[in-house]
Amino acid sequence: MKHLNNKPKRNINKICVIGLGYIGLPTASMLAIHGYKVVGVDIDEKRVNTIKNGELVIEEQGLITLVKGAINSGNLDVKTEPEEADAFIICVPTPAKYEDGIKKCDLTCVLSAVENIKNHIKDGNLVLIESTIPPKTTEMLYNLINKNIYMAYCPERVLPGNILKELVENDRTIGGINKKSAELAKEIYESFVEGNIYLTDCTTAEMVKLMENTYRDVNIALANEFAKVCNEMDVNVWDAINLANKHPRVNILNPGPGVGGHCISIDPWFIVEKSKNADLIKRARELNDNMPKYVCNLIVEEFKKLNIDNPKVSIFGVTYKGNVDDTRESPAKKVIECLLSNNFEVSIYDPHAKIFEYPLNKLEDCISNSDCIIVLTDHDEFKNFEKDDISEISKLMRNKIVIDTRNVLNHNIWKESGFEVKLLGDGTTWSV
Ligand code: SAJ
């Protein structure tokens with residue numbers, strides 16, 4: 001924690017944080033324990049009350065301790081309505097909406113947050129946007145507020161599952177509507193950020209955020225395409241990637257059943273919607289979006305060969321990635337939909353998920369009388385299955401097949417327990 005001693009007097013003392021989700025709640029709490037008077041605002045009254053009671057709606061390591069500390073410090077107040085402050089930080093979701101055959105940024109929450117704070121903003125205040133937005137949106141919002149204020153775009157870059165560490169340690173980019181705005185924003189973030197803080201203009205900062213997530217999306221798309229190609233070539237893509245990554249300038253990511261979550265699977269579209277030149281970005285997005293269907297088709301083909309009547313499959317993991325409880329944009333949902341439409345009976349087990357579109361089962365119920373386990377998420381619980389666990393699982397199943405789409409299982413011990421193991425992208429065990 002950075003200490004307040006030896007710090008020059010602050011220009012900003014009271015901050016209103018709008019949106020108490022994955023980013024807003026940790027940011028508001030962090031600012032509060034670093035001496036700012038913080039009002040955390042969320043339109044969801046239930047969420048506000050839950051936070052007031054020192055409970056959480058989000059699974060995130062260490063967050064509950066941070067939030068409790070912030071509330072106990074007396075510096076964090078949470079409510080449903082904003083109030084006057086020196087600075088406002090907008091951390092509301094920017095999901096995607098379908099329009100003209102592509103996905104575009106849905107700015108509804110940002111616009112209503114701006115509308116909500118507008119009457120509380122005074123000349124000389126600072127307004128910061130952390131939500132991911134298309135290029136030129138900060139300028140548009142500045143014109144919309146139309147007051148003599150400072151304004152900056154300060155994108156977050158924390159990784160769900162490791163938010164608290166990354167909130168403090170990661171470098172940040174801040175883009176001001178003018179230089180003074182960026183400098184004022186820096187004053188706030190340097191109270192708790194230990195990484196470097198780089199200042200630029202707001203449209204560059206908007207592009208930087210989108211480029212980071214697009215870089216990852218395009219690279220995952222490349223890994224997924226390699227998996228499909230290796231499947232045709234009777235090559236194990238995981239072995240091939242491992243060897244290719246021994247090159248000093250190569251770092252291929254992991255293939256999988258698709259890209260989920262509320263960031264990488266959405267943000268590249270915000271470039272596509274604004275530019276005529278984003279062909280590769282669009283293609284990569286489509287390729288990743290198509291992976292659940294590709295995986296489902298492989299499973300359907302496999303079962304045609306096996307000749308099993310009324311197949312029942314057990315899905316292991318429906319969150320968008322391992323060790324989080326978030327199921328938003330999860331590729332598992334699309335895999336399940338596709339399997340159901342192909343008349344599979346589907347049961348689901350996920351040790352982290354709490355909310356999902358389909359019923360979640362206990363492990364025993366999920367595998368009972370099942371023909372096949374399909375691993376769609378890289379939870380540690382699946383990595384850590386031991387021989388005894390697997391032999392208990394095997395006793396309850398009708399057929400012993402396991403399909404690993406994340407290369408997360410210890411395949412040898414599953415094989416030793418009598419399972420036939422199929423690995424996504426391994427043309428030597430599972431080819432089309
Ligand atoms: N995935 C793969 N293969 C990989 C890596 C990931 O299929 O090799 C999948 C995951 O399973 C998941 C999806 O991609 O479904 C996204 O997961 P992730 O861990 O790559 O990223 P997020 O969405 O949890 O967080 C990202 C991060 N961005 C980058 O790493 C560039 C994070 O730093 C951002 O703050 C966050 O988006 C955000 O809020 O924008």
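Counting convention: from 1, in listed order, for ligands and their atoms alike.
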**Prompt:** Can you name the closest pair of heavy atoms from Ala223 and Ile252 and give their distance?
**Reply:** CB-CG2, 4.1 Å
**Prompt:** Under 4.0 Å from any heavy atom of Lys321, which atoms of ligand 1 are there?
**Reply:** 10 (C), 11 (O), 12 (C), 17 (O), 19 (O), 24 (O)
**Request:** Identify whether the distance between the nearest side-chain nitrogen and carboxylate oxygen of Lys79 and Glu81 falls below 4.0 Å.
**Result:** no
**Request:** May I ask you to check if Arg406 and Phe316 form a cation-pi contact, with NZ or CZ under 6.0 angstrom from the six-membered ring centre and within 45° of the axis?
**Result:** no
**Atoms in ligand 1 flagged as close to Leu253, the criterion being non-hydrogen separation under 4.0 Å** = 8 (O)
**Asked** Is Asp279 paired with Arg283 through a side-chain N to carboxylate O contact shorter than 4.0 Å?
**Response** no
**Item:** Test of proximity, Thr132 against ligand 1: N or O pairs below 3.5 Å
**Value:** no
**Asked** In terms of atom number and element, which parts of ligand 1 are under 4.0 angstrom from non-hydrogen atoms of Arg406?
**Response** 7 (O), 10 (C), 11 (O)
**Message:** I'd like to know if Cys263 contacts ligand 1, where contact means a heavy-atom distance under 4.0 Å to any ligand atom.
**Reply:** yes
**Message:** Need the ligand 1 atom indices (1-based, order shown) with element for anything under 4.0 Å from a heavy-atom of Ile220.
**Reply:** 1 (N), 2 (C), 3 (N), 4 (C), 5 (C), 6 (C), 7 (O), 14 (O)
**Message:** Starting from atom 21 (O) of ligand 1, what is the nearest protein heavy atom, named by residue and atom, and what distance separates them?
**Reply:** Ile264 CD1, 3.5 Å
**Asked** Heavy atoms only: which of Glu166, Met291, Lys209 is nearest to atom 40 (O) of ligand 1?
**Response** Lys209
**Item:** Closest approach of any protein heavy atom to atom 5 (C) of ligand 1, naming residue and atom
**Value:** Arg216 NH2, 3.4 Å
**Prompt:** Does Asn254 approach ligand 1 within less than 4.0 angstrom via side chain, backbone, both or neither, non-hydrogen atoms only?
**Reply:** both
**Message:** Regarding Asp217 and Arg285, does a basic nitrogen lie under 4.0 Å from an acidic carboxylate oxygen?
**Reply:** yes
**Message:** For His262, state whether at least one heavy atom is located under 4.0 Å from any atom of ligand 1.
**Reply:** no
**Message:** Can you check which of Asp217, Asn170, Asn213 brings a heavy atom nearest to atom 31 (C) of ligand 1?
**Reply:** Asn213
**Prompt:** Thinking salt bridges, do Glu337 and Lys333 make one under a 4.0 Å N-O criterion?
**Reply:** yes
**Request:** Identify whether the distance between the nearest side-chain nitrogen and carboxylate oxygen of Glu301 and Lys304 falls below 4.0 Å.
**Result:** yes
**salt_bridge(Arg172, Glu130) N-O dist < 4.0 Å** = yes
**Request:** Measure across Tyr36 and Ile188 and return the closest heavy-atom pair with its distance rounded to 0.1 Å.
**Result:** OH-CA, 3.5 Å
**Asked** Can you tell me which residue and heavy atom of the protein come closest to atom 22 (P) of ligand 1, and the distance to 0.1 Å?
**Response** Tyr320 OH, 3.7 Å
**Polar atom proximity, Gly260 to ligand 1 (N or O, under 3.5 Å)** = yes
**Message:** Please list, in number order, the atoms of ligand 1 under 4.0 Å from a heavy atom of Pro160.
**Reply:** 24 (O), 25 (O)
**Prompt:** Please state which protein non-hydrogen atom is closest to atom 33 (O) of ligand 1 and give its distance, to 0.1 Å?
**Reply:** Arg157 O, 2.8 Å
**Message:** So, regarding Glu212 and ligand 1 (criterion: nitrogen or oxygen to nitrogen or oxygen, under 3.5 Å), is there a contact or not?
**Reply:** no
**Lys228 NZ/CZ over Tyr294 ring centroid, <6.0 Å and within 45° of normal** = yes
**Asked** With ring centroids as reference points, do His120 and Phe88 lie under 6.0 angstrom apart?
**Response** no
**Message:** Considering both backbone and side-chain atoms of Gly256, is one of its nitrogen or oxygen atoms within less than 3.5 Å of a nitrogen or oxygen in ligand 1?
**Reply:** no
**Prompt:** What is the nearest protein non-hydrogen atom to atom 39 (O) of ligand 1, stated with its residue, atom name and distance?
**Reply:** Glu156 OE2, 2.5 Å
**Message:** As an exercise, identify every atom of ligand 1 less than 4.0 angstrom from a heavy atom of Val158.
**Reply:** 32 (C), 33 (O), 34 (C), 35 (O), 36 (C)
**Prompt:** Do Ser181 and Asn178 pass the side chain to side chain donor-acceptor pair (under 3.5 Å) test, and can you show the C-alpha distance, the side-chain angles, and the key distance before you say yes or no?
**Reply:** CA-CA 5 Å; Ser181 296; Asn178 49 36; 2.6 Å; yes
